[in-house]
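Reading through the structure tokens given below for one structure.
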Amino acid sequence: MRYRIEFSKLREARFVSHLDTVKTVERALRRGKIPMAFSEGFNPHPKMSFGSALAVGVTSDKEYLDLELARDWEPDRLQEALRQSLPSGYRVNRVSRVSLRSPALMSVINRADYLVRAYLNGPVESAAVSELVRKFQDLPEIRVEKNTKKGKKEVDLRPGIFELSGQLQGDMLILRMLLQSGSEGNIRPEDVLSAFNDFGKLGLDVTTAQIHRLALYVFDGEKMLSPMEG
Amino acid sequence: MTQLLENFLEERILPKVTKPSRYAGNEWNSIHKDWSRTALKMAFCFPDVYEVGMSHLGTRILYHIVNARPDALLERVFAPWVDLEKELREHGLPLFSLESRRPLTDFDLVGFTLQYEMSFTNILNMLDLAKIPLSSAERDESYPLIAAGGPCGFNPEPLAPFIDFFVIGEGEEVLNEVLDVIKDWKQDKPGGKAGLLTQLVQVPGIYVPAFYSVEYDTEGKISAVRPNRPGVPQVVNKRVIKNFDEVPFPTKPIVPYTEIVHDRIMLEVLRGCTRGCRFCQAGMLYRPVREKSPETLYRQARELMENTGYNEISLTSLSTSDYSCVGPVVETLLNEFEGQGVGLSLPSLRIDSFSVDLAEQVQRVRKTGLTFAPEAGTQRLRDVINKGVTEENLVEAVTSAFQHGWTTIKLYFMIGLPTETEEDLDGIAYLANRVVRIADELGVGKKGKGLKVTVSASSFVPKAGTPFQWEPQDSLDTLREKQNYLKSRIRNRKITFNWHDAKLSVIEGVFARGDRKLAAALERAWRLGCKFDGWTEHFHYELWMQAFAEEGIIPEAYARRSFEHSDILPWEHIGSGVSKQFLIREHRKALEAARTPDCRFEDCHCCRLCNDLGVSLDLKGREGKHALQDRI
């Protein structure tokens, strides 16, 4: 039986890397005596796959995980068992059965919605922010240099930015951004923030920006669907 | 920490540092007590990073012991990595505990664990980050009491001016007694800090360095170490747990969010080792051997599995293949947990085919490599150090390992041991090559994974409380010459040769047998920027040399010193329970290359520990001695 689990990763859990999250979930499954299905081979591991890796420091309301069990459990029972055995910072929101034939989460998730908050260095006019956001989106391309394993590479962020809005709140700038995500190209919110900061010469403190993922979506060309519906 | 500071830390500082999950706290099974309703507060400081500290079983045991009391709490503090330290200093923030994020000055008692001499600078750094004066004399009762314990506590002298009291020996029982004393005193603090220390020194195992005066003769040798007030014992003997099977052991340990060095269940099966290797401090300090019963281990293993969700149980001790019930215990645990994808591991194996069979049993699927420690290259030198292992044992063990499918073998040796000659170094190369020859004869590495033999050579550091405590350490130049010689002798592409930084071993050697005069050099080194000395990228030999020079200390006079049996040693007033007469006898026998067998299997050698401390050897195997004897 395969289950799709929607969970949040907040507070102290935001500092936990993706790899450590995989281990954390594995241990929670064992503590909860949840009958995991194991892969074959010399080094069997629980059959589970995550929708999207979350960078260290980023919080999220909606992350997804597909999990196979060796026995049939009611989704409610699985949700309750996980609730009791996951450490602080992780919370399970929804659990539902999915078909064993349904495509991998990683291959269908293609949009991510973020809220990014960054400290301003000095006063900025609210109108100026709206103007900057508009101009930024009007750019035909937004080229940034990225460090990859093979060295520096230039990428264009623009095609991967679907929506962008900005507002001020106290001494912080808040950007909401809907970005390309997943195996066909992944745009990182911190790259968009840096590019926006450079473009607007805002002098934001990019290193302490608080990035929060509001949702992940499956965009099928017409509608934005939650992976739970997919 | 106030909410404002906490937010500042969470939002402005932690996102900027590497591995922020080190400082997150709130892990599964971490204990958060009601601060205002708990009478006694203790901070437990591990002077290294989270991943190292959380891998230390003693830290976890004491966390459990104190937090099990309704009237006390214990919170963890680790050395912040240099990036967090920089942020804390820049913003004037104090070092904080993981659980309640409070500064160390909010606690009644701050305890440091002394696992390694080269972590001493981190202790000073942590005190400074906590805004606590380094010197014990500068702290009155408005500061927390600063305590320390652990293996390096058996020569506490280089830390004497900084620490209010040391706990000598095993902490499970004595820590409770200490907390009781502090709790009573705290009511109306009679006599202030001095009054509290006067009461604490009445607790067996507590050493208050300020209550002892050290006198030196004209040559700078110690002429006397004397209590400087009444009611203080001449010798502080270590504390030792009599009933190890029943001592509290945490079965709800913290499960970290992030990977730590030993990321698995640590189940201690026995304490102590009486193999009697003459260089080994742990082997002398943790006597006698006391085992847990199989039933206790099964119960604790089950609880640990349920409470942690780990998929590996490590059966830990100084030498787990020596556990008298190891066979049945391994079998039972494997049968019970196999279906759940849970594995076992044995961290330290003796060199014999019995141990290889055990390893085969636990590593049925994944053969991760085997490590053996012959320690010395020739039978003569192995007899000198009383390592009861022969070339035949090694041949038998590696043959068995190769036949069972292992292709990765690590061999641990030590260079610079007393009486070592070129022949002994040649012996290391000979043994390494012999292992490769055995592999070739058995066709190991012909198909699939290649053969890999790793030889590691660490440098001998004479340690307090061992039969080699009187022996000098080799000089830096000699150690390097020996390393180079070995490199030239081990020229085989199937062998990887590793060696330790001799400079680090030399500083370790200074402090391992140091006296109180070294404290000034330690503080100077820290002021010059020394910290995290055990981390290659942070070790600055030249700063250490500068610190010694500025304080008028000649490091060679410590590391290279040859003590007479009649000399008063700087740690003479700290008792490990093993008598000086026994250590002298062992030292003499070493120089004659005469062996002393294990008192578990043969007669007692009168180290006097069992008599003097009222403990005894406790083996749980039904056949006891004889079953074990068959195996050696």
Side-chain angles (χ1 to χ4, degrees), chain A residues 9-47 55-59 70 81-82 84-90 116-119 170-172 190 205-212, chain B residues 6-30 32 50-51 83 87 98-99 101 252-260 263-265 303-313 337-343 363-368 405:
Chain A
K9 192 169 178 264
L10 304 164
R11 302 190 309 276
E12 54 273 71
R14 78 184 187 280
F15 294 128
V16 184
S17 70
H18 181 66
L19 215 63
D20 286 335
T21 291
V22 176
K23 271 194 203 166
T24 297
V25 171
E26 219 182 296
R27 286 169 193 161
L29 292 169
R30 264 198 198 87
R31 289 194 292 261
K33 298 201 168 68
I34 295 162
M36 298 172 261
F38 284 94
S39 63
E40 308 284 318
F42 276 133
N43 188 11
H45 52 269
K47 285 189 177 173
V56 172
V58 179
T59 51
L82 280 168
Q84 287 188 21
S85 53
L86 277 168
S88 180
Y90 293 92
V116 178
R117 295 150 56 88
Y119 289 97
D171 57 348
M172 295 189 104
E190 52 270 48
D205 188 355
V206 177
T207 55
T208 60
Q210 296 157 30
I211 304 173
H212 178 66
Chain B
E6 166 108 30
N7 289 347
F8 187 78
L9 181 77
E10 290 275 338
E11 293 178 6
R12 308 295 284 262
I13 295 184
L14 292 188
K16 286 203 243 182
V17 304
T18 50
K19 300 192 184 180
S21 55
R22 282 169 172 167
Y23 317 107
N26 238 346
E27 309 96 312
W28 186 258
N29 286 338
S30 63
H32 301 260
Y50 179 88
E51 300 94 293
D83 54 359
E87 295 288 336
L98 281 195
E99 277 77 5
R101 296 258 164 93
K252 272 188 86 174
I254 291 170
V255 182
Y257 281 109
T258 184
E259 189 171 0
I260 58 171
D263 209 8
R264 54 189 74 88
I265 289 171
E303 290 174 14
L304 282 159
M305 282 300 305
E306 293 216 346
N307 294 332
T308 65
Y310 272 116
N311 63 354
E312 187 179 346
I313 303 175
F337 296 118
E338 214 167 26
Q340 305 169 34
V342 173
Q363 294 191 3
R364 260 173 236 173
V365 277
R366 220 171 355 140
K367 295 203 156 52
T368 47

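Letters go in sequence order (proteins before strands), and every chain restarts at 1. Please read these numbers as outputs of a predicted model, since none were measured by experiment.
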Closest-packed option against chain A by number of heavy-atom pairs under 4.5 Å, given B:N311, B:V255, B:V342
B:N311
If you compare all heavy atoms of [X] against all heavy atoms of [Y], which two are closest, and at what distance to 0.1 Å?
X: B:A24; Y: A:F15; answer: CB-CD1, 4.2 Å
X: A:S88; Y: B:N26; answer: OG-ND2, 3.7 Å
X: B:E10; Y: A:R14; answer: O-NH2, 2.8 Å

side-chain hydrogen bond (donor to acceptor under 3.5 Å, both in side chains) partners of A:R31, counting only residues at least two apart
none
With A:K33 via side-chain hydrogen bond (donor to acceptor under 3.5 Å, both in side chains) - residues at least two apart:
B:E306
Check whether any side-chain heavy atom of A:Y119 sits under 4.5 Å from a side-chain heavy atom of B:R12, and report yes or no.
yes
A:T208 side chain near B:K16 side chain, heavy-atom distance below 4.5 Å:
yes
Among A:V16, A:D20, A:L19, A:V56, which residue meets the side-chain contact (heavy atoms from CB on, under 4.5 Å) test with B:T258?
A:D20
Contacting moiety of B:N29, where chain A heavy atoms sit under 4.5 Å:
neither
Toward chain A, the part of B:S30 with a non-hydrogen atom under 4.5 Å
neither
For A:S17, which atoms come within 4.5 Å of any heavy atom of chain B: side chain, backbone, both, or neither?
neither
Separation of B:Y257 OH from A:Y90 OH (nearest 0.5 Å):
7.0 Å
